[in-house]
Amino acid sequence: MAIFLTKESKVLVQGMTGGEGMKHTRRMLAAGTDIVGGVNPRKAGQAVDFDDRVVPVFGSVREGMAATGADVTVVFVPPAFAKAAVIEAADAGIGLAVVITEGIPVHDSVAFHAYAATKGTRVIGPNCPGLITPGQSNAGIIPADITKPGRIGLVSKSGTLTYQLMYELRDIGFSTCVGIGGDPVVGTTHIDCLAAFQDDPDTELVVLIGEIGGDAEERAAAYVRDHVTKPVVAYIAGFTAPEGRTMGHAGAIVSGSSGTAQAKKEALEAAGVRVGGTPTETARLVLTRWESERVATQG
C-alpha cells in the first residue's frame, strides 16, 4: 500500500545536524522512518543521539549509502547548497531525493533536475513537504499523526492543503501522500504520481490538489482521461487570485486566461474528474465517491 516510500526504505538526511534537520529527523523517527544516517562533511564520524536511536553522521551520501544501504535522502540544506546536495546524491546513485528546501534559484533547480534524471534519481520537490506512507515511513515534514493507513492516494502542490485533506479524510486513510511542491520547476509531477497510483493495487481512489499557474493540471487531466481507470477527485486553489500576481508559491501566477483555476477545473471535469470548490467540499466528494464504490463492489 505505497508508492515511492515504504517501511523498507532506508533514509539519509542531508543537513541532519542543522536546526531544521534535527527537528524533523526526530519527527520522522517518531513516525517509524528508518533513518540510517545524516550527511555533513564537517561532522563525519560523529553521531547524534535522538533519545531512543543514535544516528551516525557520514561525510558524503556515497559513504552513507555504502555503510547503510540507504536508498532515500531527504535534503534540508540551505538554498545555496541545495544544487550541490542533489547532484552529490545523484552521483552516489540514490533512488529518491526529497528536497524540502525552499527558495532555491530556478536555474539551480533546472540544473539538478536534469542531472538527476541522467542518473536515474527521482527528485520530489523542491519547496515541498515530502511524502508519507502512513504507518510505514515519513520522508519530510508532513505530520504523521493526522491520518491512518488506507486506500486513498494523494498528490498535491500545497503542503497545507495536503494536511487538510489528510485530516478531513482520516477515517478512510491513505496509501501514500506526496507533496510535489509549488515551484515553477519540480521533479516528480502530478502525472508521475497518477501513474504510480494507477499501478498500485492497494490505491483505490486518487485525490489531486493543484493551484493556479502553469499547465500541470491540464496535462494531468489529459493523462487521467487516457490512462487512469481509478476514480480521481481534485481541488484547485486560487479561484479568487488576482491576475498577474504570484500567490503563495513561486509557480502560482496567472497571465491572461492561461493557468486560471477555472480553466484547470474545466479541463479536469472534461476528463471525468470531480472538482471541489473548497477543500471541505472536495473531502465530501471523496467520501461520496468512496461510499458509492463500496456499494457497487458489495452489490
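For clarity, every value in this text was computed on a predicted model and none was experimentally measured. All values below come from the heavy atoms of this structure, side chains included, with hydrogens, waters and symmetry mates left out.
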- request: Identify whether Phe76 and Ile87 are in the same connected component of the hydrophobic contact network (ILVMFWY, side-chain heavy atoms under 4.5 Å).
  value: no
field: Atom pair CD1/NE2 of Ile100 and His24 - distance to nearest 0.5 Å
entry: 8.0 Å
task: Mark yes when over 12 heavy atoms from residues, nucleotides or ligands other than Lys230 sit less than 6.0 Å from its NZ; otherwise mark no.
output: yes
message: Does Phe81 have more than 12 heavy atoms from other residues, nucleotides or ligands lying within 6.0 Å of its CZ?
response: no
Closest non-hydrogen atom pair between Pro129 and Gly159, with its separation: CG-CA, 3.8 Å
message: A side-chain contact here means heavy atoms from C-beta on lying under 4.5 Å apart; do Tyr163 and Ile141 qualify?
response: yes
Single-linkage hydrophobic cluster, 4.5 Å side-chain cutoff, Phe50 and Val39 together: no
- prompt: If we only count heavy atoms from C-beta on, is the Phe4 to Ile124 side-chain gap below 4.5 Å?
  reply: yes
Thr282 side chain to Thr278 backbone, donor-acceptor under 3.5 Å: yes
message: How about CZ on Arg170, more than 12 heavy atoms from neighbouring residues, nucleotides or ligands closer than 6.0 Å, or not?
response: yes
- prompt: Less than 4.0 Å between a side-chain N and a carboxylate O, is that true for Glu218 and Lys264?
  reply: yes
query: Knowing that exactly one of Thr133, Thr6, Thr203 qualifies, which makes a side-chain hydrogen bond (donor to acceptor under 3.5 Å, both in side chains) with Thr176?
result: Thr133
query: Do Ile3 and Val178 come within less than 4.5 Å of each other through their side chains, counting heavy atoms only?
result: yes
field: side chain to side chain donor-acceptor pair (under 3.5 Å) contacts touching residues 41-54 (sequence neighbours left out)
entry: Arg26-Asp51, Asp34-Arg53
- request: Verify, without hydrogens or angle tests, whether Glu217 (side chain) and Lys265 (backbone) share a donor-acceptor contact under 3.5 angstrom.
  value: no
query: Does the side chain of Ser175 come within less than 4.5 Å of Glu204's, by heavy atoms?
result: no
- request: Could you tell me whether the side chain of Val57 reaches within less than 4.5 Å of the side chain of Val48, counting heavy atoms only?
  value: yes
- request: Of all the heavy-atom pairs spanning Ile152 and Ile172, show the shortest one and how long it is.
  value: CD1-CG2, 3.6 Å
task: Carefully, step by step, assess Gln136 and Leu5 under the rule side chain to side chain contact (heavy atoms under 4.5 Å, CB included).
output: CA-CA 8 Å; Gln136 296 192 47; Leu5 186 75; over 6 Å; no
message: Does Thr33 form a side chain to side chain contact (heavy atoms under 4.5 Å, CB included) with Ser137? I'd like the steps, not just the answer.
response: CA-CA 4 Å; Thr33 308; Ser137 189; 3.4 Å; yes
- prompt: Is there side-chain contact between Tyr235 and Leu165, with heavy atoms separated by less than 4.5 Å?
  reply: no
- prompt: Considering only heavy atoms from C-beta outward, does the side chain of Arg274 approach that of Thr288 to under 4.5 Å?
  reply: no
statement: Minimal heavy-atom distance between Met28 and Gly140, with the atoms involved, is SD-N, 3.3 Å
query: What about Val273 and Leu169, same hydrophobic cluster or not, with Ile/Leu/Val/Met/Phe/Trp/Tyr joined at side-chain heavy-atom distances under 4.5 Å?
result: yes
- prompt: So, the side chain of Lys148 versus the backbone of Asp171: is there a donor-acceptor pair under 3.5 Å, distance only?
  reply: yes
query: So, are Glu281 and Arg284 salt-bridged, with charged N and O less than 4.0 Å apart?
result: no
query: How far does OG1 of Thr25 sit from CD1 of Ile35, to the nearest 0.5 angstrom?
result: 4.5 Å
task: Examine Met22 and Val11 and state if one hydrophobic cluster contains both, with Ile, Leu, Val, Met, Phe, Trp and Tyr joined whenever side-chain heavy atoms are less than 4.5 Å apart.
output: yes
field: Where Leu154 and Phe197 come nearest, the two heavy atoms and their spacing
entry: N-CZ, 3.5 Å
message: Given 3.5 Å as the limit, does a donor-acceptor pair link the side chain of Asp215 with the main chain of Arg219, or not?
response: no
- line: Interatomic distance, OG@Ser109 vs CG@Asn127, rounded to 0.5 Å, equals 9.0 Å
Any Pro126 side-chain heavy atom under 4.5 Å of His113 side chain: yes
- prompt: Just wondering, are more than 12 heavy atoms of other shown residues or ligands nearer than 6.0 Å to CD in Glu102?
  reply: no
message: Using side chain to side chain contact (heavy atoms under 4.5 Å, CB included), reason through Val99 and Val86 one step at a time and then give a plain yes or no.
response: CA-CA 8 Å; Val99 187; Val86 178; 3.7 Å; yes
task: Check Val155, Leu131, Val206 against Cys193 for a side-chain contact (heavy atoms from CB on, under 4.5 Å) and give me the one that passes.
output: Val155
query: Rounded to the nearest 0.5 Å, what separation is found between the CD1 atom of Ile212 and the CD1 atom of Ile236?
result: 10.5 Å
message: Working note: Met16 + Asn40, criterion side chain to side chain contact (heavy atoms under 4.5 Å, CB included); need CA distance, chi angles, decisive distance, verdict.
response: CA-CA 8 Å; Met16 185 185 76; Asn40 185 332; over 6 Å; no
- request: Kindly compute the distance separating NZ (Lys83) from CD1 (Ile104), expressed to the nearest 0.5 Å.
  value: 11.5 Å
message: Rounded to the nearest 0.5 Å, what separates atom CD1 in Ile94 from atom OG1 in Thr73?
response: 5.5 Å
statement: Heavy-atom closest pair (Pro184 atom, Val106 atom, distance to 0.1 Å) is CG-CG2, 4.3 Å
message: I'd like to know if Leu161 and Leu208 are part of one continuous hydrophobic network [Ile/Leu/Val/Met/Phe/Trp/Tyr, side-chain heavy atoms within less than 4.5 Å].
response: yes
- request: Please report the closest heavy-atom contact between Asn138 and Ala144, naming both atoms and the distance.
  value: ND2-CB, 3.9 Å
